[in-house]
Amino acid sequence: AAAGVSYKPVGTPIVQVVRIITSNTATTTSPPIAYNNSIPTSTQGTALTDYDITITPINSSSKLLYSLYIPLIFNATNGAAMRFTVFRDAGTSAIFTGYTQVANNSANNYASVNINFIVTAGSTSTTTFHLRWGVSGGTGYINRDATVSALFGGTMTSLVTIQEIL
C-alpha cells in the first residue's frame with residue numbers, strides 16, 4: 001500500500017496530487033448512515049481511517065478535487081445499502097455522501113463506490129478529509145469477501161486522491 005504519495009505535475013493547472021492506494025481490508029455490520037433528508041453526522045457509521053487523506057494547499061483560491069474508488073462486496077438481502085460520507089477536518093456534518101445498493105438476495109454481491117467532488121481550498125493550512133461507512137443490513141466488505149481475506153492475492157485495491165487545481 002502506498003500512503004500519502006504526493007507529486008506535482010508539470011505544465012498543467014494541477015499543482016499537486018496526494019494519493020492513497022490501499023489493499024487493506026475492512027468489514028462492517030455497523031448501523032448505516034441515515035437514509036433521510038438530514039445531513040449525515042460524524043457519529044453515524046464507522047470511521048475508515050485508512051482513507052483519511054491530508055493535503056496542504058499552496059493557494060487558498062485553489063480547488064481541491066477529491067476522488068475515491070472502493071471495490072465492495074456485501075452479503076445482504078435485496079434493498080440493503082452501503083453508504084459512505086466524507087467529512088473535512090473536525091467538521092461534524094458530511095460534505096458529500098454516496099451509496100450503493102444490493103439488487104438481489106445472495107452472498108458476495110459485488111459493487112463499488114465512486115465519489116468525486118470539488119471544494120475550495122479556503123486557506124493554505126493542512127486539511128484532512130475523513131471517510132465513514134455503514135450498512136443497512138447484512139455485512140459489508142472492502143477489498144475482500146466473506147471467505148477470502150485478500151481477494152486476488154491482495155491486488156484488489158482502493159484509491160483516494162486529492163488534486164489541487166489552480
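Computed over heavy atoms, backbone and side chain alike; hydrogens, waters and symmetry mates excluded.
R83 CZ to T97 OG1: the interatomic distance, rounded to the nearest 0.5 Å, is 10.0 Å. Interatomic distance, L131 CG to D52 CG, rounded to the nearest 0.5 Å: 8.0 Å. The NZ atom of K63 lies 11.5 Å from the CD atom of E164; values are rounded to the nearest 0.5 Å. For the atom pair CD1 (I55) and CZ (R19), the distance works out to 12.0 Å, reported to the nearest 0.5 Å. If you take CD1 on I118 and CD on Q163, they are separated by 9.5 Å, rounding to the nearest 0.5 Å.
The backbone N or O of G134 lies less than 3.5 Å from no partner atom in the side chain of Q44, so there is not a single donor-acceptor pair. Remark: side-chain polar atoms of S136 are paired, donor with acceptor, to backbone N or O of A81 under 3.5 angstrom.
Sparse packing is recorded around CD1 of I39, with 12 or fewer heavy atoms of other residues, nucleotides or ligands lying under 6.0 Å away.
Ring planes of Y66 and F117: parallel class, angle under 30° (limits at 30 and 60°).
Listed by chain and number, the residues in a ring pair (Phe, Tyr, Trp, His ring centres under 6.0 Å) with F152 amount to none (sequence neighbours excluded).
Hydrophobic clustering, with ILVMFWY side chains joined whenever heavy atoms are under 4.5 angstrom apart, keeps L72 apart from I33. F84 and F87 are assigned to two separate hydrophobic clusters, defined by single-linkage of ILVMFWY side chains at heavy-atom distances under 4.5 Å. Residues I115 and Y99 do not share a hydrophobic cluster, defined by chaining ILVMFWY side chains whose heavy atoms lie under 4.5 Å apart.
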>> side-chain hydrogen bond (donor to acceptor under 3.5 Å, both in side chains) for T25 and N143? Distances and angles first, verdict last.
In response: CA-CA 5 Å; T25 62; N143 294 335; over 6 Å; no

